[in-house]
Amino acid sequence: MSPKALDYDQLNENVKKAQYAVRGELYLRASELQKEGKKIIFTNVGNPHALGQKPLTFPRQVVALCQAPFLLDDPNVGLIFPADAIAKAKLYLSYTSGGLGAYSDSRGLPGIRKEVAEFIGRRDGYPSDPELIYLTDGASKGVMQILQTVIRGQGDGILVPVPQYPLYSAAISLFGGSLVPYFLEESANWGLDINNLRKSVAEARYKGITVRAMVIINPGNPTGQCLSIDNLKEILRFCYQENLVLLGDEVYQQNVYQDECPFISSRKVLLDMGGPISKELQLVSFHTVSKGFLGECGQRGGYFEMTNIPPESVDEIYKVASISLSPNVPGQIFMGCMVSPPQPGDISYAQFIRESTGILESLRKRAHMMTDGFNSCKNIVCNFTEGAMYSFPQVKLPPNAIEAAKQAGKVPDVFYCLKLLEATGISTVPGSGFGQKEGVFHLRTTILPAEEDMPAIMASFKKFNDAFMDQYEGYSGYSRM
Amino acid sequence: MRKLVAHRAKTLLANATVNSLLNPHRPSPNNNYYYYRLARLLTSIPSDTSMASDHSTPPLTVDSLNPKVLKCEYAVRGEIVSLAQKLQQDLQANPGSHPFEEIIYCNIGNPQSLGQQPITFFREVLALCDHPSILDRSETQGLFSADSIERAWQILDQIPGRATGAYSHSQGIKGLRDTIAAGIEARDGFPADPNDIFLTDGASPAVHMMMQLLIRSENDGIFCPIPQYPLYSASIALHGGTLVPYYLDEATGWGLEISELKKQLEAARQKGITVRALVVINPGNPTGQVLAEENQRDIVEFCKKEGLVLLADEVYQENIYVPEKQFHSFKKVARSMGYGDKDIPLVSFQSVSKGYYGECGKRGGYMEVTGFSPEVREQIYKVASVNLCSNISGQILASLVMSPPKVGDESYESYSAEKDGILQSLARRAKTLEDALNSLEAVTCNKAEGAMYLFPRIVFPNKAIKEAESLKKAPDAYYASRLLNATGIVVVPGSGFGQVPGTWHFRCTILPQEEKIPAIVTQLTEFHKKFMDEFRD
């Protein structure tokens, strides 16, 4: 019988090659166990609301009013919606032609993009052009669009940090490009060593790969490190010298848990440098409503900002955006609420401050609790989560465990994480999903479980880990003979 | 925006010359204008990927972009729209600067941007799901209908933690998929499996996913109707495949002939193309025809026999304006022929953007994927998971569309009145515009049995064709820009959709509000008469 179009071996190879561990084997197993009635703590994905974080009130009020504009005509609307939310909803509806149900401009509503530009201007001290800001259904869609534009074929390489958020490796696979890894230094707090970069690029070129772009994730995912100004300058100079477009994934810019290294945008550092580089270095910066203190993952709201991209290329990017017609409008409203929050004097200001600082302070505490909890295990070394939402401890596995994993046909960290899941219900993502040095194992967990649950979770983890180590480290009791 | 348009206008002239060098037999298709004709030049030059890094050419210049991006085109938001936006700005700055008061966008199926109202019940439920904390307040009962409150509770109970801001399952919230599956079953009389459903940000991303899965190289072909909605041609180009056209027959109301399919399939195979799938848009866009059930059975048989995946774009399933035609989903047709899940791979696309709900900006939709092996399904799931999930509000809306208020529900009567009002008005507008177009000299227009568009054919006098050529435009693009400049009405030239070579069309939506239609008809009629007077042979 002749092969059918959708037989497995007839599929696009690029699809088959792509991997995305965040919702891969561990997550699927966790979902199975959950269906069987086991209590699962999902720490596999940066999904704050799924772990009890509450949405901020003001944006929800604004979007609800935009969804149901007939409420605005009801004399009783003021009973359950504050006046500033009502005013904001009216403002945002005026940005649209036809409300939330009409396709907007393919780049997003001009009014919202202007607010995003103003936010960037306040943040960085340099004006930003709304025409070069495109709203997208989540930052991921924006990343995919840009990578699709850059990757022509297998001969094109994209520099990606290892460990990395696997959207990048998956997207590069899907578009048929080559991933060029550069290793972050775990012993230097996941710092970026420019020599590692040079080495990676040289190796790639030797193989005949044209390196086209460099991805930085700042603050890092899964690693959490915040890049210093010096580091950023080095990176910018490097990209300029090597003719790379810099892709700055800055979705965690509002998640910073130490004060020594605050977030500085790549664009600000670039513009501060002045001179030709500031006018020529090509940069695309990404942001989202999914992280920060908003945590509105389900809304799919994001944007990318282009710096020094030639107009003809911008037009091509616009063209591709127009094929999908427009990003979802409610997500754009959330973006507006994120970049233009309540101001001092507004009715909702106090509540906004209380809710947002509450979340950020708690995240900071939990970052410490988790790091300390992991470090209290003798076979685990965990860098502090300087930013983002994850903890990425290094787990030293004894040779017997590695052997047992091999017997079970599993990569060692997958083996460990599956056992952790079955014993405790804690669903993590094995480090191999993000990339790591050969023979070194990690797992990624989020710092998102509720503060009051943290001590129990870390205790449960430690209990499992110590039992695992007893089981596999030498022969328990024999080694003392 | 003006800067962008001016810049494009400059390069337009420069690139038009390049294009006419490459394609001496074709007038420059500026109707799709947006896209630099440099693309044609560049795709014919092999890119040198082993070039060492060169300081003088920064990475993101147009000649070093992915050629598939350069090649793809999407006319619906192309040049004519940029021109319209410029004119709109003129009018705002300087009322009276043009012989019309406003721009009327008839280029895109975007009902609510032209005044169509959303369905109240749907918006009530969505607002409550967006801000669930008001469900605990007694005042809420006074502001929302009781059944919308009940439905919101029901939906929230299906979402873990009632967290509408959390990423959901990558196929979409299970409870909502259950509702949609039940809705499909109620519609078709055949069961649907919630695990076959993938909720997406509108139907378009689902189409992209299937193209990505199916296209391995340019030797893989996807059968598309001509004329077609240019998402398909663009998506095939983006994924590096080959579009294999099958021509709909204008003379028989845009009929789909199996003989044409066979002929084109054979021709493609001769060229070494493996045809992987057949796209059918039913009801049709831009053509508006609703397939007869017998025709659908022939198509199903054809796909089965030739081993093609049937990609059924059914987003206009609730837009049918003629009593003699009904929507039958391809799944229903296949199942009623006795073909089960194991017999035929079939993907059905649905959206919240059309119908009577017209919720384009919400980006809600789904594909129902049947007849695929579990291994292939895993791959689809994997691709969906890279984007984590589609927007939750859109997912909720998709479930509401597939399971609206029923007889006996508090909101049923008002819902029903809103729905019937919109659909009846659409039917009236379709007829009025169709009659108006058919009354124009040298214009014939097939009936819009469904969807939201009219696709009239104009037989241009030679003088008009020559004038267009001298301006390096296709005749239908020239006509569209003259129409816009004279009346403010924006339509999309037929070349954006594909047409039999040497024929010319434009696509116009039926969406302007009913009270505006008479004026539109008058303006169009007057313009057309003047145009024909100017160019009549």
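Interface residue B:V386: backbone and side-chain heavy atoms are both found under 4.5 Å from chain A. Of the two parts of B:F144, only the side chain, counted from C-beta on, holds a non-hydrogen atom closer than 4.5 Å to a non-hydrogen atom of chain A. For a residue to count as touching a neighbouring chain, one of its non-hydrogen atoms must lie under 4.5 Å from one of that chain's; by this rule A:F70 touches chain B with the side chain only. The contact between B:I108 and chain A is made entirely by side chain atoms (from C-beta outward), counting heavy-atom distances below 4.5 Å. Neither the backbone nor the side chain of B:Y232 comes within less than 4.5 Å of any heavy atom in chain A. The contact between B:T120 and chain A is made by backbone and side chain atoms together, counting heavy-atom distances below 4.5 Å. In this structure, chain B has no heavy atom under 4.5 Å from any part of A:V201. Contacts of B:F122 with chain A are absent, with no heavy-atom separation under 4.5 Å from either backbone or side chain. With a 4.5 Å cut-off on non-hydrogen atoms, A:A170 touches chain B through its side chain but not through its backbone. With a threshold of 4.5 angstrom between heavy atoms, B:P111 does not approach chain A through any atom at all. For chain B, the nearby part of A:P327 is the backbone; its heavy atoms alone come within less than 4.5 Å. Contact of A:Y165 with chain B is made through the side chain alone, with heavy-atom distances under 4.5 Å. Neither the backbone nor the side chain of B:P230 comes within contact range of chain A; no heavy atom of the residue lies under 4.5 Å from a heavy atom of that chain. The parts of A:V63 that come within reach of chain B are both its backbone and its side chain, each placing non-hydrogen atoms under 4.5 angstrom from that chain. With a 4.5 Å cut-off on non-hydrogen atoms, A:L174 touches chain B through its backbone and its side chain both. Neither the backbone nor the side chain of B:I159 comes within less than 4.5 Å of any heavy atom in chain A. With a threshold of 4.5 angstrom between heavy atoms, A:L79 approaches chain B through its backbone and through its side chain. With a 4.5 Å cut-off on non-hydrogen atoms, B:S385 touches chain A through its backbone and its side chain both. Heavy-atom distances place both the backbone and the side chain of A:L325 under 4.5 Å from chain B.
Between B:T61 and A:E312, every side-chain heavy-atom pair lies at or beyond the 4.5 Å cut-off. Within the 4.5 Å cutoff, no side-chain heavy atoms of B:Y105 are placed close to those of A:S97. Side-chain atoms of B:S393 and A:N328, non-hydrogen and from C-beta on, never get closer than 4.5 Å to each other. At a threshold of 4.5 Å between non-hydrogen side-chain atoms, the residues B:H208 and A:I323 count as touching.
Residues B:H131 and A:A64 approach most closely at CB-CB, 3.7 Å, considering heavy atoms. Of all heavy-atom pairs between A:A102 and B:C360, the closest is C-CB, 4.3 Å. Of all heavy-atom pairs spanning B:S64 and A:R152, the tightest one is O-CD, 3.4 Å.
With sequence neighbours left out, the side-chain hydrogen bond (donor to acceptor under 3.5 Å, both in side chains) criterion links B:T274 to no other residue.
Listed options B:G161, B:C129, B:P118, B:S168 were ranked by heavy-atom pairs under 4.5 angstrom with chain A; first place goes to B:S168. Annotation: maximal heavy-atom pairing with chain B below 4.5 Å, among A:S140, A:A68, A:S313, occurs at A:S313. Of all the listed residues (A:Q154, A:E13, A:K16), the one sharing the greatest number of non-hydrogen pairs under 4.5 Å with chain B is A:K16. The candidate with the highest count of non-hydrogen atom pairs below 4.5 Å against chain A, out of B:V352, B:L231, B:T164, is B:T164. Heavy-atom pairs under 4.5 Å with chain B peak, among A:I151, A:L281, A:I309, A:L65, at A:I151. Ranked by heavy-atom pairs under 4.5 Å with chain A, the first of B:H239, B:H169, B:E306, B:R162 is B:H169. When B:S170, B:S204, B:G202, B:G358 are compared by the number of non-hydrogen pairs under 4.5 Å with chain A, B:S170 comes out ahead. Between chain A and the residues B:E359, B:Q379, B:E375, B:E139, the largest count of heavy-atom pairs under 4.5 Å involves B:Q379. Top candidate by heavy-atom pairs under 4.5 Å with chain A, chosen from B:L114, B:I215, B:V383, is B:I215. When each of A:V77, A:D137, A:L28 is scored by its heavy-atom pairs under 4.5 Å with chain B, the top score falls to A:D137. The candidate from A:G99, A:A213, A:S104, A:G138 with the greatest count of non-hydrogen atom pairs under 4.5 Å with chain B is A:S104.
Rounded to the nearest 0.5 angstrom, A:N47 CG and B:L388 CG are separated by 8.0 Å. One distance of note links OG of A:S106 with OH of B:Y74; it measures 7.5 Å at 0.5 Å rounding. In this structure, A:I80 CD1 and B:D136 CG are separated by 11.0 Å, a value rounded to the nearest 0.5 Å. We find the NZ-NZ distance between B:K382 and A:K17 to be 10.5 Å, quoted to the nearest 0.5 Å. For the atom pair CG of B:L126 and CG of A:L100, the computed distance is 9.0 Å after rounding to the nearest 0.5 Å. With rounding to the nearest 0.5 angstrom, the CZ atom of A:F334 is 10.5 Å from the CG atom of B:N391.
Using a distance-only test at 3.5 Å, with no hydrogens or angles considered, a donor-acceptor pair links the side chain of B:R363 to the main chain of A:S324. B:K68 places no side-chain N or O within donor-acceptor distance of the main-chain N or O of A:T149, the cut-off being under 3.5 Å. Put simply, the side chain of B:R216 never gets that close to the backbone of A:N14: no donor and acceptor are under 3.5 Å apart. Looking only at distances, a side-chain donor or acceptor of A:N12 sits under 3.5 Å from a matching main-chain atom of B:Q212. Panel note: side chain A:K319, backbone B:C72; a donor-acceptor pair is recorded below 3.5 Å.
Using a 4.5 Å heavy-atom cut-off against chain B, the contacting residues of residues 52-61 of chain A are A:T57, A:R60, A:Q61.
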Evaluate side-chain contact (heavy atoms from CB on, under 4.5 Å) for B:N66 paired with A:V150, printing each intermediate quantity in order.
CA-CA 6 Å; B:N66 180 359; A:V150 171; over 6 Å; no
Could you walk me through whether A:F81 and B:I134 satisfy the side-chain contact (heavy atoms from CB on, under 4.5 Å) test, starting with their C-alpha distance in whole Å, then the side-chain angles of each, then the deciding distance to 0.1 Å, before giving a yes or no?
CA-CA 9 Å; A:F81 290 95; B:I134 60 174; 4.0 Å; yes
Just do the side-chain contact (heavy atoms from CB on, under 4.5 Å) check on B:N387 and A:R300 with the steps written out, would you?
CA-CA 10 Å; B:N387 196 47; A:R300 314 319 274 116; 3.6 Å; yes
Residue pair B:K362, A:Q67: steps toward the side-chain contact (heavy atoms from CB on, under 4.5 Å) verdict:
CA-CA 10 Å; B:K362 299 300 179 58; A:Q67 283 283 15; 2.8 Å; yes
